[in-house]
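Order of listing sets the numbers, starting from 1, for every ligand and every atom in it.
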Amino acid sequence: MNDVADIIIIGSGASGAAAAWSLSRDKSLRIVCFEQGSLSNSSDYPTKSEDWELSRSDKSSFDPNIRKNLADYPIDDSNSPISIANFNGFGGSTILYSAHFPRFHPSDFRVKTLDNIADDWPLNYSELNPFFDENEKKMGVAGLVGDTAYPEYNSLLPPVPLGDMGKKLAKAFNEMNWHWWPSYAAINTDKRNNRANCINLGPCNVGCSQGAKGSVDVTYWPLARLNGVEVYTESRVYEITLDKKGLANGVLYFDKNGDECEFKAKIVIVACSGIGTPRLLLNSKSEAFPEGLLNDNGLVGKNLMLHPLAYVEGVFDEDLKSSIGPHGCCILSQEFYETRGENDFSRGYTMQILRGTPPIETATTGYFMRQLSIGKDHHQDFKKIFNHTAGIAIISEDLPELHNRVELDYENKDLFGLPGVKIHYELSNNTKNILNHGIKMSKEIFSSAGARVTSSFAPVKNSGWHLMGTARMGSNPKTSVVNKFGQAHQVKNIFIVDSSVFVTSGAVNPVATAQAITLFACDYIRKNISNISNPL
Ligand SMILES: Cc1cc2nc3c(=O)[nH]c(=O)nc-3n(C[C@H](O)[C@H](O)[C@H](O)COP(=O)(O)OP(=O)(O)OC[C@H]3O[C@@H](n4cnc5c(N)ncnc54)[C@H](O)[C@@H]3O)c2cc1C
Ligand code: SF4
């Protein structure tokens with residue numbers, strides 16, 4: 001085997017897949033992707049069987065510490081009120097994600113200028129706009145053009161059906177005169193690109209066996225592989241290597257048998273997620289970077305942002321068949337997204353309306369949260385609640401703070417003896433105030449819709465699925481790790497293209513923006529490839 005590539009991509013998730021497709025349009029390049037997890041077979045997804053819901057508590061859990069697949073690494077999040085959720089396998093966390101797909105707002109890139117907080121990004125919304133468009137075409141995004149919060153959308157698949165519950169809440173938002181709109185969702189609502197349409201049954205978070213959800217194994221990857229990208233699964237990169245000139249010249253990895261191997265490359269692209277990327281960089285120690293690759297200013301792993309979530313649940317008298325339909329994708333409201341002078345916080349939040357909980361969750365957590373009795377009245381009570389509930393998730397802006405961070409954990413190691421990670425994270429007062437406000441406003445909406453609120457709390461423990469900020473971009477090498485193209489300030493042929501580079505978090509799910517950033521970076525790489533590449 002000839003172990004030399006033009007480009008190595010580490011990680012096959014949301015960003016790695018977009019990078020693979022974008023770069024592979026130049027068919028003269030040899031591109032190799034390393035993925036530590038294995039291929040997922042959609043015909044084995046739990047959604048094929050009736051007991052699918054049970055799998056969420058073990059093999060399909062989004063908590064790696066519960067799932068404990070061979071590819072998972074230990075994540076000690078005992079020092080964080082929010083636990084980390086991810087998936088390590090071909091397609092990355094998009095295998096389990098909800099496919100909620102709104103973009104950042106233009107203001108999200110300018111919070112220092114607008115609100116005098118955190119930092120502005122070194123790039124702006126209009127530079128990303130063509131890449132948002134391109135990405136949405138590739139991922140297949142459903143929604144409705146005409147939203148005042150997002151005037152830039154110009155072409156979308158038909159929206160995911162609102163259902164009776166969505167319509168009821170939409171009416172309540174209208175009565176309050178608050179913004180709402182059908183959710184943006186990377187879900188095939190029509191047959192398209194050789195993929196089936198969504199059948200609206202709901203359990204998207206254990207993997208969509210229908211192939212309707214836009215996880216990258218069914219969107220970007222078939223195209224990238226057709227273009228010749230090679231994928232090495234069950235291949236865990238543990239170090240990015242540098243040559244004497246200080247340029248990256250490849251990676252060291254464990255193959256599926258646990259053998260240590262080397263692969264050379266002229267350019268190395270890192271897309272291991274907001275936790276996996278700092279883990280790999282911190283583990284890549286050398287004479288030039290004794291504290292970890294690109295960590296000369298100590299910023300790798302710092303400024304972790306997690307989008308703390310609040311949850312409010314309401315129960316309606318009527319059976320609204322509310323558990324039917326893609327879980328996270330019904331309607332959203334961005335009434336409170338931007339900074340308002342009258343609030344005690346800067347920036348704001350998205351209200352994401354969630355479907356009702358599935359049957360087992362309704363019954364098991366119902367006792368504590370939903371006033372469901374245990375004993376002879378259980379079935380009667382269950383009928384009054386199952387398919388009668390709706391949830392409102394408050395996705396809060398999470399501002400960067402140095403003390404929120406990812407560190408290597410040498411006491412807890414993965415299968416091959418590589419260090420796991422420790423998370424240190426706490427909520428700022430700004431975030432707490434945002435969440436309190438979101439809870440209050442959600443209660444008003446439920447009251448206007450005629451629902452009884454049965455629970456409300458924040459932060460939601462098991463919701464650390466948006467992982468951002470741990471290798472931030474910026475123009476100044478002293479205060480950032482990469483430039484606006486994801487190019488490392490200190491090593492010009494290393495690029496970071498995942499949400500680690502986010503400067504601030506916005507208040508929406510990150511994938512639409514992260515992938516637009518990936519495409520933007522790869523456009524730069526393609527145009528400048530001869531200047532960037534290590535001649536080896
Ligand atoms: C349950 C759940 C629901 C979510 N819902 C949404 C949603 O509705 N909308 C949204 O925008 N986002 C959502 N997210 C978040 C979204 O999935 C992630 O933000 C996104 O997938 C991150 O993309 P990524 O490429 O950075 O990382 P991932 O998609 O996580 O991919 C990283 C890949 O890199 C691999 N890797 C890591 N380290 C190495 C290494 N050293 N060597 C080789 N391979 C390595 C991993 O195995 C993994 O496959 C959700 C996530 C979860 C878990
Ligand atoms: S509801 Fe649609 S997207 Fe979700 S799992 Fe079912 S078919 Fe897939």
### Query
Can you name the closest pair of heavy atoms from Val511 and Ala14 and give their distance?
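Scanning both residues, the minimum pair turns out to be CG1-CB, 4.1 Å.
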
What I want to know is whether [X] and ligand 1 share at least one N or O pair that is separated by under 3.5 angstrom.
| X | answer |
| --- | --- |
| Val511 | yes |
| Tyr97 | no |
| Gln36 | yes |
| Gly276 | no |

### Query
Does Arg279 approach ligand 1 within less than 4.0 angstrom via side chain, backbone, both or neither, non-hydrogen atoms only?
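Near ligand 1, Arg279 shows nothing, with every heavy atom at 4.0 Å or more.
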
### Query
What part of Ala99 sits under 4.0 Å from ligand 1 if we count only heavy atoms: the side chain, the backbone, both or neither?
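For Ala99, the contact with ligand 1 is made by the backbone alone.
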
### Message
Suppose we measure from atom 42 (N) of ligand 1 to each protein heavy atom; which comes out shortest, and what is that distance?
### Response
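The answer is Val237 N, 3.0 Å.
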
### Query
What is the nearest protein non-hydrogen atom to atom 30 (O) of ligand 1, stated with its residue, atom name and distance?
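Going by distance alone, atom 30 (O) of ligand 1 is nearest to Ser93 OG, 2.7 Å.
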
### Query
What residue among Phe34, Tyr232, Trp221 forms ring-ring contact (aromatic ring centres under 6.0 Å, His included) with Phe90?
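Between Phe90 and the candidates, ring-ring contact (aromatic ring centres under 6.0 Å, His included) is satisfied uniquely by Trp221.
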
#### Entry: Sole candidate of Tyr125, Trp121, Phe132, Phe485 that passes ring-ring contact (aromatic ring centres under 6.0 Å, His included) when paired with Phe520
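That would be Phe485.
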
### Query
Do you know how many protein N, O or S atoms are within a distance smaller than 2.8 Å of atom 4 (Fe) of ligand 2?
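Count of protein N, O, S atoms less than 2.8 Å from atom 4 (Fe) of ligand 2: 1.
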
### Task
For Ala514 and ligand 1, answer yes if some heavy atom of the residue is under 4.0 Å from a ligand atom, otherwise no.
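No heavy atom of Ala514 comes that close to ligand 1.
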
